[in-house]
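Let me begin by presenting the structure, written as structure tokens, before commenting on it.
Just so you know, these numbers use all the heavy atoms, side chains as well, and skip hydrogens, waters and symmetry mates.
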Amino acid sequence: MERRRCLSAAEIEFLAENELITIVPVESMPVLDVIVGTYGPFRPLRQATVPLWLALLLKSKGKCTVKPPSWMDIEKLRSAIEEEHEFDKFSTLPFHYLETFHLLLTSARDDIPNLDAVHAAIKTLYDLRKRKAIAGLRLMNSDLLRQDYLALDNLGLMEINEIRPFFVKAYQEVRKLAYNGVSGNAGVGEMNGGV
């Protein structure tokens, strides 16, 4: 049986649904005891922090509005875009930023201020980060025999999941070359033994 190497988008969204988010109830609700914890009691206009899945459930029943996370503010997204352009490293975004945005876009779009601008900014960020990751993989193909890692700090889970198949294949090829002695680099032996 072939082992699956990547999670599906639905599985990743499922994991993201455990992220905490702020809601503003529109009516009083009692304490909710669920497997993962206890939430509430809820009072109108009094903010509460709940898992994203619960926020979306309450939103679908008209019992709350969802307060988008602070990173979804258009000015913060524009700053992240500038960072992506200016620096080689990835800007700091939540691990589930793509999934969280997609879930909110799908189920709570009326609660996202400047929706069109936010959507465009997140798409721009995604495109910039994907190009940067692919450039890193190309660098790995040409330069990994001299280095033993590829810096992918601050990538989100969906982004990691998308490049994983390419990374694994490229890394295996480079390791094969290193194992077969293609490079005279002294660090190659270390790479084979301890990665």
Side-chain angles (χ1 to χ4, degrees), residues 3-84 87 89-130 132-133 152-164:
R3 194 175 88 190
R4 198 172 71 170
R5 295 186 186 271
C6 295
L7 296 170
S8 70
E11 290 169 325
I12 293 173
E13 280 192 356
F14 176 78
L15 295 172
E17 288 177 348
N18 288 316
E19 294 293 310
L20 296 177
I21 197 159
T22 302
I23 61 167
V24 180
V26 296
E27 62 183 59
S28 292
M29 292 175 276
V31 170
L32 299 174
D33 285 315
V34 294
I35 292 173
V36 294
T38 301
Y39 301 97
F42 301 101
R43 301 288 175 252
L45 304 178
R46 183 181 266 168
Q47 292 184 3
T49 302
V50 298
L52 183 54
W53 64 266
L54 181 56
L56 297 177
L57 175 67
L58 294 173
K59 172 74 177 172
S60 73
K61 296 186 178 299
K63 295 182 178 274
C64 75
T65 58
V66 177
K67 186 175 176 192
S70 62
W71 61 264
M72 210 178 281
D73 174 76
I74 190 61
E75 292 309 316
K76 289 184 180 179
L77 291 170
R78 287 180 180 143
S79 292
I81 289 169
E82 286 178 28
E83 281 182 47
E84 292 295 338
F87 302 106
K89 69 178 191 164
F90 295 97
S91 59
T92 303
L93 289 168
F95 192 54
H96 292 290
Y97 84 97
L98 283 170
E99 306 89 84
T100 300
F101 175 70
H102 183 258
L103 288 164
L104 291 176
L105 179 66
T106 303
S107 302
R109 67 184 309 120
D110 57 321
D111 291 337
I112 303 173
N114 304 312
L115 176 62
D116 292 337
V118 168
H119 193 187
I122 289 178
K123 182 176 180 350
T124 299
L125 272 170
Y126 169 76
D127 291 341
L128 287 169
R129 292 162 67 91
K130 187 172 184 176
K132 199 180 283 189
L152 298 175
D153 299 354
N154 297 324
L155 278 182
L157 182 55
M158 190 71 76
E159 294 166 317
I160 291 169
N161 198 60
E162 286 181 2
I163 67 167
R164 179 177 287 141

(message) For a side chain to side chain contact (heavy atoms under 4.5 Å, CB included) check, start with the C-alpha distance between Leu105 and Leu115, then their side-chain angles and the critical distance, and finish with the verdict.
(response) CA-CA 8 Å; Leu105 179 66; Leu115 176 62; 3.7 Å; yes

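- Looking at Thr100 and Pro94, their side chains never come closer than 4.5 Å, going by heavy atoms from C-beta outward.
- Within 6.0 Å of CZ in Arg46 there are 12 or fewer heavy atoms belonging to other residues, nucleotides or ligands.
- Note on residues 29-52: no pairs pass ring pair (Phe, Tyr, Trp, His ring centres under 6.0 Å), not counting sequence neighbours.
- The side-chain hydrogen bond (donor to acceptor under 3.5 Å, both in side chains) test applied to Arg78 returns Glu75, not counting sequence neighbours.
- Between the side chain of Asp73 and the backbone N or O of Lys76, at least one donor-acceptor pair lies under 3.5 Å.
- Annotation for Ile81 and Ala121: closest pair CD1-O, 3.7 Å, computed over non-hydrogen atoms.
- In this structure, CG on Leu77 lies 14.5 Å from NZ on Lys123, to the nearest 0.5 angstrom.
- The salt bridge (charged side-chain N to carboxylate O under 4.0 Å, His left out) analysis of residues 96-121, with sequence neighbours excluded, yields the pairs Lys59-Asp110, Lys59-Asp111.
- Residues satisfying the ring-ring contact (aromatic ring centres under 6.0 Å, His included) criterion with Tyr97, sequence neighbours excluded, are absent altogether.
- Separating the CG atom in Leu45 from the OG1 atom in Thr65 is a distance of 8.5 Å, to the nearest 0.5 Å.
- Using a 4.5 Å heavy-atom threshold, the side chains of Leu104 and Leu52 count as touching.
- Looking at Ser91 and Glu82, their side chains never come closer than 4.5 Å, going by heavy atoms from C-beta outward.
- Looking only at side-chain heavy atoms (C-beta outward), Ser107 and Ser60 stay at 4.5 Å or farther from each other.
- Annotation: side chain of Glu159 is in contact with side chain of Leu98 (closest heavy-atom distance under 4.5 Å).
- Here the NZ-CG distance, from Lys130 to Leu155, works out to 12.0 Å after rounding to the nearest 0.5 Å.
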Could you pull out every donor-acceptor pair under 3.5 Å between side chains of residues 12-31 and any protein atom, sequence neighbours left out?
from: Glu13; atom 1: OE2; to: His102; atom 2: ND1; distance (Å): 2.4
from: Glu27; atom 1: OE2; to: Lys63; atom 2: NZ; distance (Å): 3.0

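- Remark: Lys132 engages Glu84 in a salt bridge (charged side-chain N to carboxylate O under 4.0 Å, His left out) (not counting sequence neighbours).
- Side chains of Leu125 and Phe101 form no contact here, defined as non-hydrogen atoms less than 4.5 Å apart.
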